[in-house]
Protein chains: 2
Amino acid sequence: MSNQPEVLTPDTRTRILNLAQQLLLERGFNAFSYQHIAKELGVKSAAIHYHYPTKEDLGTAIIQRQRKRLNKWRGLPRLTELQPQQQLEALFEVYLEHLRSEQRVCLFGSLAAEFRTLPEAMQQELRLLTRELTEFLAGVLEAGRAAGTLAFKGQPTAKAAQVLTTLAGALQMARVHDERQFYLIFEQLRLELLPE
Amino acid sequence: MSNQPEVLTPDTRTRILNLAQQLLLERGFNAFSYQHIAKELGVKSAAIHYHYPTKEDLGTAIIQRQRKRLNKWRGLPRLTELQPQQQLEALFEVYLEHLRSEQRVCLFGSLAAEFRTLPEAMQQELRLLTRELTEFLAGVLEAGRAAGTLAFKGQPTAKAAQVLTTLAGALQMARVHDERQFYLIFEQLRLELLPE
DNA sequence: GTCTATATCCGGATAGAC
DNA sequence: GTCTATCCGGATATAGAC
């Protein structure tokens, strides 16, 4: 789930997508514009429309790319060979990276509030993304509990949904207050899941 | 923390505030307009500007009112006389009402994503609101653990922050998926806090 | 306190030249 | 692929009549 498969100077199309995602996570979908992207990129907004005709196309592409990254990432041998609690740590690391970059919010946390104002295609993609992520985490939790290295009550699916919404909410808290608030919640999560 | 202190036909100023809050929770701050309120209210948008000159005024008033409601509510004898775990249930009830109304999101969950695009005054008020709410819940949790009726590890403040972000996130989940997702998370929370 | 009318600006989007 | 130029709609906000 790294953020730049391209190492240096990606093509315009990709640079647009990168910047759009950054703006989306910083300001929300309704509060960023083609002009913002154009200005930062040093081109005119008509050029953006050439690559992504409508804002719906652009928004949908952002979520789709994230889904692809997730599904590639979760199949990587480097990940699947890890123990469940290490896989969980690897997932945590993704959220910590969100926090460290000035974005401080995940896609779900950015789009959920405005959800009803989003184009249908974006709503669909976001539903798929969260479903896939929950599914993945539920598997990790279940395996971890079976191995005795993770502890929680109830069903893996319920716990996975709870953990993910907590992480999304914690990033939002960091944005409203500061990093400390995130770590407070984050450490509480770990305290409960990784006993010893 | 009831939502209509006025029983019937509140004055225009209040009806504007009610409607604006509803729209804010449904669409987010950047995606609702004076025209939306005006149309639904059967007046012209200039009339809204008479009561709330700028959108910043309007948004700030919404959060301030919610803070007043919270602080009045948490001082009510009807609440303070309850046992801690009943106070917690009363708080849960507020979120369940959010879910039942078609709003399905709390103020924090609605504003956090767009936070950096909000006027300064609104940011301040939202920080105060979440601080006061966390403070209140931390007290309830601490008392409940002392009484042996609530169970959790770690510090009350950390647990309070975690519970609140989880509830906010769970409402967002309900919006993106459906009610079932909320209840899944909600019951997981209760399972962990209210053991027996 | 609400109206009409209007100013101003910015957003998404398209046409056609280069 | 990117530009200039332009259309259109919608948003916040104000002035002044009633």
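Computed over heavy atoms, backbone and side chain alike; hydrogens, waters and symmetry mates excluded. Protein chains get the first letters and strands the later ones, always in sequence-line order, with residue 1 at the start of each.
Between B:H36 and D:dG10 there is no side-chain polar atom (N or O) within less than 4.0 angstrom of OP1 or OP2. Between D:dT12 and B:T54, no contact under 4.0 Å exists linking OP1 or OP2 to a side-chain N or O. OP1 or OP2 of C:dG1 lies within a sub-4.0 Å distance of a side-chain N or O belonging to B:Y50.
Counting any heavy atom pair closer than 4.0 Å across all strands shown, A:Y52 reaches no nucleic acid atom.
When each of C:dT2, C:dA13, D:dA11 is scored by its nearest atom to the side-chain atoms of B:Q35, the top-ranked nucleotide is D:dA11. Distance from the side chain of B:S33 is smallest for D:dT12 among the nucleotides D:dT12, D:dT2, D:dA13. Residue A:Y34 places its side chain closer to C:dG12 than to any other of D:dA11, C:dG12, D:dT2.
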Below 3.5 Å is the cut-off: list the nitrogen or oxygen pairs between protein and nucleotides 16-18 of chain C, distance only.
none

Please list, for nucleotides 3-5 of chain D, all pairs of protein and nucleotide N/O atoms separated by less than 3.5 Å.
from, atom 1, to, atom 2, distance (Å)
D:dC3, OP2, A:K44, N, 2.6

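Taking the ring axis of B:Y50 as reference, the NZ or CZ atom of B:R13 does not stay both within 45° of it and closer than 6.0 Å to the ring centre.
Considering A:T130, A:L24, A:L133 in turn, A:L24 is the only one that fulfils the side chain to side chain contact (heavy atoms under 4.5 Å, CB included) rule with A:L107.
Listed by first and then second residue, the ring-ring contact (aromatic ring centres under 6.0 Å, His included) pairs involving residues 145-196 of chain A are A:F92-A:F186, A:F182-A:F186 (not counting sequence neighbours).
A donor-acceptor distance shorter than 3.5 angstrom exists from the side chain of A:T80 to the backbone of A:L76, with no hydrogens or angles considered.
For A:E120 and A:Q124, the side-chain atoms include no donor-acceptor pair closer than 3.5 Å.
Residues B:L193 and B:V163 meet the side-chain proximity criterion, which asks for heavy atoms closer than 4.5 Å.
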